[in-house]
Amino acid sequence: MRHFLEIDDLSADELQWVLDMSSRAPEAAPRVLQGSGVALVFEKPSNRTRNSMEMAVHQLGGHPVYIRPEEVGMDVRETAEDIVRTLACFHDIIAVRVFRHNHLERMAACAVAPVINLLSDDAHPCQALADLLTVSQCIGLDRIERVAFVGDANNVWRSLAIGCAMLGIPSTLAVPDGYGPSGATLDRIAALGGECTVTDDPAAAATDADVVYTDVWTSMGQEDEQAERLAAFGPYQVTPELMSLAADGAIFLHDLPAHRGEEVAAEVIDGPASRIWQQAENRMHAARGLLAFLAGSAPHGAALAGSAPHGAASAGAAS
Ligand code: CP
Ligand code: NVA
């Protein structure tokens, strides 16, 4: 049984397989979830993740069930283990958005169904799949030279940086002092052979980058820190001037929701370099590719004929 708590739960070959499957038209998607339920559990709000997952499950022939924050009561109404064991009575795959990443690890350890991370405080690997799919479509994975992330070393940055490392794409993070990545994350990236530079200078990061990416300065659950974060990240706004330093043909990406006038200027996010709507749509295509992959390891899921790389070497695969 396979889980997807961080993007390197796939091997590099499997990541490429998921991206290839995500590129197939929805009508050509294998109906590997026919007769299966997929639970979508949310401890935090969502627009893109909920809708993209629901549609992807539908396109694979399955039935998605949304479970809203009040119904979860993680470790309050019942334990994370009891939640996942209950849901596995009805569903073949269990996808969960949580605050604490450890709740996902505890659910996966029950080994009753594949668990998908729909965002935790630490990681957002479904977003990273869509980001890499967008880069492959707009620039090409064999042509891109560097991704620059300007902002918080948060869940979105981490999964993207690990994904870039897996595909051999150098990345640079521009982040103010005190908001940078942990040594453990940088070690994880290095262990994958990734080249990730950290600076406090947004201009240095953006110069000659093919992708300039940013995310909110205050993530869900950090609302109490908003005032100090606004002050610390003020000089890190992605402005037209910053974009002008990037490579010719560079694109702007943002996972959304966005705050115009904070992490990004309206002229950039709504301007010609922005690919945010293609990126948002790609959440659904990437979710379909991922679900097709995991269906092969679900208790009742149908294995894909032929090309599924299950059983291929999978360095970081959780069991
Ligand atoms: N990008 C993203 O995960 O958006 P939602 O929080 O709306 O799902
Ligand atoms: N970093 C943001 C991402 C939202 C999709 C958050 O965690 O709130």
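Atoms within a ligand are numbered from 1 in the order they appear, just like the ligands themselves.
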Below 4.0 angstrom from a heavy atom of H124, which ligand 1 atoms are there? Numbered from 1 as shown, please.
2 (C), 3 (O)
For N47, atoms of ligand 1 separated by under 4.0 Å from a heavy atom:
5 (P), 7 (O), 8 (O)
Ligand 1 versus L256: contacting region, heavy-atom distance under 4.0 Å:
backbone
Using a strict 4.0 Å threshold on nitrogen-to-oxygen distance, state whether R100 and E43 make a salt bridge.
no
Is there a donor-acceptor contact under 3.5 Å from the side chain of N117 to the main chain of S120?
yes
Could you pull out all donor-acceptor pairs under 3.5 Å where a side-chain atom in residues 157-175 meets a protein atom, sequence neighbours excluded?
{"from": "R158", "atom 1": "NE", "to": "E6", "atom 2": "OE2", "distance (Å)": "3.0"}
{"from": "R158", "atom 1": "NE", "to": "D122", "atom 2": "O", "distance (Å)": "3.3"}
{"from": "R158", "atom 1": "NH2", "to": "E6", "atom 2": "OE2", "distance (Å)": "3.4"}
{"from": "S159", "atom 1": "OG", "to": "E6", "atom 2": "OE1", "distance (Å)": "2.8"}
{"from": "S159", "atom 1": "OG", "to": "E6", "atom 2": "OE2", "distance (Å)": "3.2"}
{"from": "S159", "atom 1": "OG", "to": "H124", "atom 2": "N", "distance (Å)": "2.8"}
{"from": "T172", "atom 1": "OG1", "to": "R146", "atom 2": "NH1", "distance (Å)": "2.9"}

Near R283 (heavy-atom distance under 4.0 Å), the atoms of ligand 1 are 1 (N), 2 (C), 3 (O)
Selected option - heavy-atom contact closest to atom 6 (O) of ligand 1, from K44, R48, R97
R97
Applying side-chain hydrogen bond (donor to acceptor under 3.5 Å, both in side chains) between E281 and each of Q279, R283, H285, report the one that passes.
H285
Give a yes or no on whether a salt bridge exists between R260 and D270, defined as a side-chain N under 4.0 angstrom from a carboxylate O.
yes
Would you tabulate the side-chain donor-acceptor contacts of residues 229-237 under 3.5 Å, counting partners in other chains and residues two or more places apart, or write 'none'?
{"from": "R229", "atom 1": "NE", "to": "E225", "atom 2": "OE1", "distance (Å)": "2.8"}
{"from": "R229", "atom 1": "NH1", "to": "D152", "atom 2": "OD2", "distance (Å)": "3.0"}
{"from": "R229", "atom 1": "NH1", "to": "W217", "atom 2": "O", "distance (Å)": "2.8"}
{"from": "R229", "atom 1": "NH2", "to": "E225", "atom 2": "OE1", "distance (Å)": "3.3"}
{"from": "Y236", "atom 1": "OH", "to": "D200", "atom 2": "O", "distance (Å)": "2.6"}
{"from": "Q237", "atom 1": "NE2", "to": "G261", "atom 2": "O", "distance (Å)": "2.9"}
{"from": "Q237", "atom 1": "NE2", "to": "E262", "atom 2": "O", "distance (Å)": "2.9"}

Of N282, L253, L19, the one forming a side chain to side chain contact (heavy atoms under 4.5 Å, CB included) with V135 is L253
List the atom pairs, with distances to 0.1 Å, where a side-chain N or O of residues 54-63 and a protein N or O form a donor-acceptor pair under 3.5 Å, not counting sequence neighbours.
{"from": "E54", "atom 1": "OE2", "to": "R50", "atom 2": "NE", "distance (Å)": "2.8"}
{"from": "E54", "atom 1": "OE2", "to": "R50", "atom 2": "NH2", "distance (Å)": "3.2"}
{"from": "Q59", "atom 1": "OE1", "to": "R288", "atom 2": "NH1", "distance (Å)": "2.8"}

Location of contacts on Q127 toward ligand 1, heavy atoms closer than 4.0 Å
side chain
With a 4.0 Å cut-off on N to O distance, would you call R188 and D8 a salt bridge?
yes
So if I only count non-hydrogen atoms and take anything under 4.0 Å from ligand 2, which residues does that give, chain by chain?
L119, N154, N155, V156, D215, V216, S219, M220, D255, L256
